[in-house]
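Encoded as structure tokens, the structure appears first; notes follow it.
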Amino acid sequence: MRPRRPAYVLPGLAILAFATFLGFSLVRLAQVEQDMRINVDENMLWVITQAQVASHRLGDEVNRRLRGDPDANPKLRFDVLTSRLVLLDAGPQRRYLHRLGFADTLEDAFVRLHAIEPLLDDLPPRAPGAVDGIHQLLTPMTQQLNRIANAVMVQEWEATGARLDAHRRGMLQVTASVLGILVSGLLLVALLIHALRQRRVAQRALARHRDELEDQVQRRTRDLETQRQRVVDAIDTAPDGFAAFDGGDRLVLSNPQLAGLLPLPETELAHGQRLGELLEAIRRHASVEETQCDTLTQDKAGHLQCDLELADHSWRQLMVRQTKGGERVLRVADITRYKAAARSLERSLQRERGVSDFYRSFAALVSHQFRTPLAVIDSGLQRLLRRSESMSHDARLERYHRLREAVAQMTRLVESSLTAARLDGGQVEALQEACDLGALAEQACRLQDEAQGQRRIRLEEPGTPLMAWCDRSLVEQILANLLSNALKYSPETAPVSVTLGQQEERLYCRVEDRGAGIAADELPRLFDRFFRSRHASGTPGIGLGLNIARHLARIQGGEVTVDSVEGEGTTFTLWLPMAPGSTTHDD
């Protein structure tokens with residue numbers, strides 16, 4: 001059987017043809033009208049004619065001068081002729097003459113003009129010799145202008161004929177388009193009449209189908225009653241508990257499994273029981289604190305789904321759905337085994353996530369913290385390669401010692417990075433001992449200055465040692481992060497101040513920069529993992545350093561705090577506990 005063509009295809013094609021013909025005719029008419037406006041050739045003929053007239057008048061003025069007429073003014077006529085020829089030599093007129101092959105002729109006319117001009121200066125009356133010289137130059141130029149005028153006129157006639165032919169073709173195309181519009185309109189009228197006839201036939205067929213439909217409804221009603229009984233029998237034998245409620249939310253049907261799955265008395269499952277009362281009874285018998293939905297209330301669409309843990313630690317899934325007719329259906333299923341499997345999978349997933357976070361954090365720490373010592377090593381080795389021969393033995397030894405210190409710090413960073421990567425799992429322990437905070441800060445400042453290649457850090461040390469109870473490698477890592485951030489987010493010429501001191505039973509190391517500062521609304525989130533301030537856009541970084549620094553400080557019993565004024569700068573402070581037995585002298 002051939003597929004039936006959609007009813008709108010033929011009318012659509014007719015409308016498309018109608019619009020196409022109409023658009024084409026309008027475009028062609030516009031083109032004809034635009035072409036009729038073009039009159040460049042007539043303008044050209046006028047300019048050449050004016051040049052001819054000007055040349056003749058120049059000759060007449062010369063003759064009048066020869067006869068002794070005091071009013072004769074050959075210079076004025078010469079200027080008029082020159083202006084006409086200059087107009088011919090400009091823009092489209094020159095291109096037009098070039099197409100006709102008169103470019104050299106026009107150049108020759110200008111040459112003759114230049115030769116005539118000195119002859120007109122102080123032209124004496126009754127001087128036949130001077131007049132003859134002017135006429136000898138002017139007569140050939142006039143003849144050349146005549147030839148140009150004849151060629152332009154011939155070209156004009158040919159162009160006019162071509163335009164008339166084009167207009168004739170355009171009018172024929174427009175006439176054909178009008179005929180196409182007429183045919184398309186007739187086709188649309190025919191399709192409209194055909195559609196009206198089909199509508200009348202469809203109305204008659206609809207009346208017949210309505211009568212047949214009534215008979216089918218009666219038969220289907222009997223079939224539906226039979227199927228309903230089958231559904232009831234299937235519900236009674238299903239493993240899940242089912243209950244049906246009418247439009248007034250009263251229980252009209254339930255299977256025996258419902259009572260076995262819910263620890264409710266038979267009175268709560270009697271026919272006529274309201275859905276809301278039944279849900280309230282279920283809530284009372286379930287462990288509310290373990291219920292995954294706080295209240296057994298339905299949403300606006302009349303739907304409800306939640307998992308309940310009963311007193312015997314078994315789990316039930318309860319679902320309420322509203323049918324299209326406004327009735328509701330309740331289903332209760334035993335999901336104890338699924339819950340146990342889900343919890344087992346969740347524990348496994350948590351373990352896998354912990355492992356993934358461990359390796360990701362380790363990679364981020366290595367990338368973030370190894371840059372400074374590597375930069376120091378690279379800078380020192382480059383300086384040794386360039387200046388090793390000119391450096392003294394002591395200078396080379398000092399450089400070697402600094403490189404070894406950088407390598408030693410990298411070793412400590414490897415160990416502390418592995419430790420920091422286990423922070424989320426609570427597996428990090430700080431190996432605390434008494435350390436001189438001043439020495440740690442001095443070494444960190446020196447490494448940062450060497451990495452930057454300039455001395456921008458100003459360290460203010462107290463007169464007495466400050467012994468902190470801390471892990472040396474972790475403190476070095478914290479200070480390296482705070483100093484690198486201060487240098488990175490400050491202008492290249494601005495200094496970074498580092499101040500050491502003591503307050504009560506704690507020591508502090510303040511790192512103050514002169515950067516753009518941090519907005520007040522961003523300060524509470526500054527130590528969140530992967531968070532970056534809006535002023536940090538365009539600056540390399542992944543937002544891990546401050547989060548790691550605070551964690552490392554806290555596992556040593558310390559803290560990292562921040563104070564900032566937007567537009568003025570930021571101050572980060574590392575707080576550490578004092579070493580046991582240290583002398584207390586508050587600021």
Side-chain angles (χ1 to χ4, degrees), residues 1-26 176-258 271-276 278 298-305 318-333:
M1 181 177 180
R2 295 177 59 186
R4 186 176 180 181
R5 185 171 52 193
Y8 56 81
V9 171
L10 193 56
L13 292 176
I15 294 173
L16 179 61
F18 185 91
T20 303
F21 286 130
L22 179 60
F24 178 75
S25 62
L26 292 176
S177 299
V178 171
L179 291 177
I181 292 172
L182 179 61
V183 172
S184 301
L186 293 176
L187 179 59
L188 288 175
V189 172
L191 291 173
L192 178 61
I193 295 174
H194 179 67
L196 293 175
R197 289 179 178 175
Q198 285 186 332
R199 180 175 178 272
R200 189 179 302 109
V201 172
Q203 287 177 343
R204 294 174 182 173
L206 181 61
R208 291 194 302 270
H209 288 314
R210 185 173 56 248
D211 296 337
E212 296 176 358
L213 184 60
E214 292 178 355
D215 296 337
Q216 291 181 0
V217 167
Q218 293 178 359
R219 293 195 299 270
R220 291 293 178 87
T221 301
R222 293 192 296 268
D223 295 341
L224 287 175
E225 182 61 27
T226 302
Q227 293 178 4
R228 173 186 171 279
Q229 187 58 44
R230 293 175 181 172
V231 170
V232 171
D233 295 340
I235 290 176
D236 289 341
T237 58
D240 297 338
F242 287 93
F245 297 83
D246 59 15
D249 284 343
R250 294 184 179 274
L251 181 62
V252 295
L253 176 66
S254 64
N255 64 348
Q257 288 78 4
L258 183 64
H271 282 205
Q273 178 75 4
R274 290 189 175 276
L275 177 59
L278 178 59
Q298 304 170 65
D299 58 17
K300 295 181 180 180
H303 298 334
L304 167 68
Q305 179 173 342
L318 185 144
M319 298 176 59
V320 176
R321 291 292 181 268
Q322 185 172 356
T323 65
K324 294 181 180 180
E327 297 86 5
R328 290 183 173 85
V329 177
L330 180 144
R331 171 181 171 271
V332 177

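No experiment lies behind these values; they were computed from the predicted model shown. Just so it is clear, the values below take in all heavy atoms, side chains as well, and ignore hydrogens, waters and symmetry mates. The first residue in the sequence is number 1, and the count goes up from there.
To the nearest 0.5 Å, atom CD of residue Q198 and atom CG of residue L191 are 9.5 Å apart. Rounded to the nearest 0.5 angstrom, Q218 CD and R222 CZ are separated by 7.0 Å. Between the CG atom of L192 and the CG atom of L187 there is a distance of 11.5 Å, given to the nearest 0.5 Å.
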Check against side-chain contact (heavy atoms from CB on, under 4.5 Å), R321 and Q305: CA-CA 9 Å; R321 291 292 181 268; Q305 179 173 342; 3.1 Å; yes
Give the C-alpha distance, both sets of side-chain angles, the deciding distance and a yes or no for side-chain contact (heavy atoms from CB on, under 4.5 Å) between V329 and F245. CA-CA 6 Å; V329 177; F245 297 83; over 6 Å; no
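Taking the side-chain hydrogen bond (donor to acceptor under 3.5 Å, both in side chains) definition, one finds that T20 meets it with nothing, sequence neighbours left out. Scanning for side chain to side chain contact (heavy atoms under 4.5 Å, CB included) contacts around A207 gives R210, with sequence neighbours left out. For Q216, the side chain to side chain contact (heavy atoms under 4.5 Å, CB included) partners two or more places apart in sequence, or in a different chain, are L213, R219. Qualifying side chain to side chain contact (heavy atoms under 4.5 Å, CB included) partners for L206, counting only residues two or more places apart in sequence or in other chains: none. Every side chain to side chain contact (heavy atoms under 4.5 Å, CB included) that R274 has, sequence neighbours left out, goes to R250, E277.
Closest approach of R328 and D249 over heavy atoms only: NH1-OD1, 2.6 Å. Pairing each heavy atom of A243 with each of L251, the nearest pair is CB-CD1, 3.6 Å.
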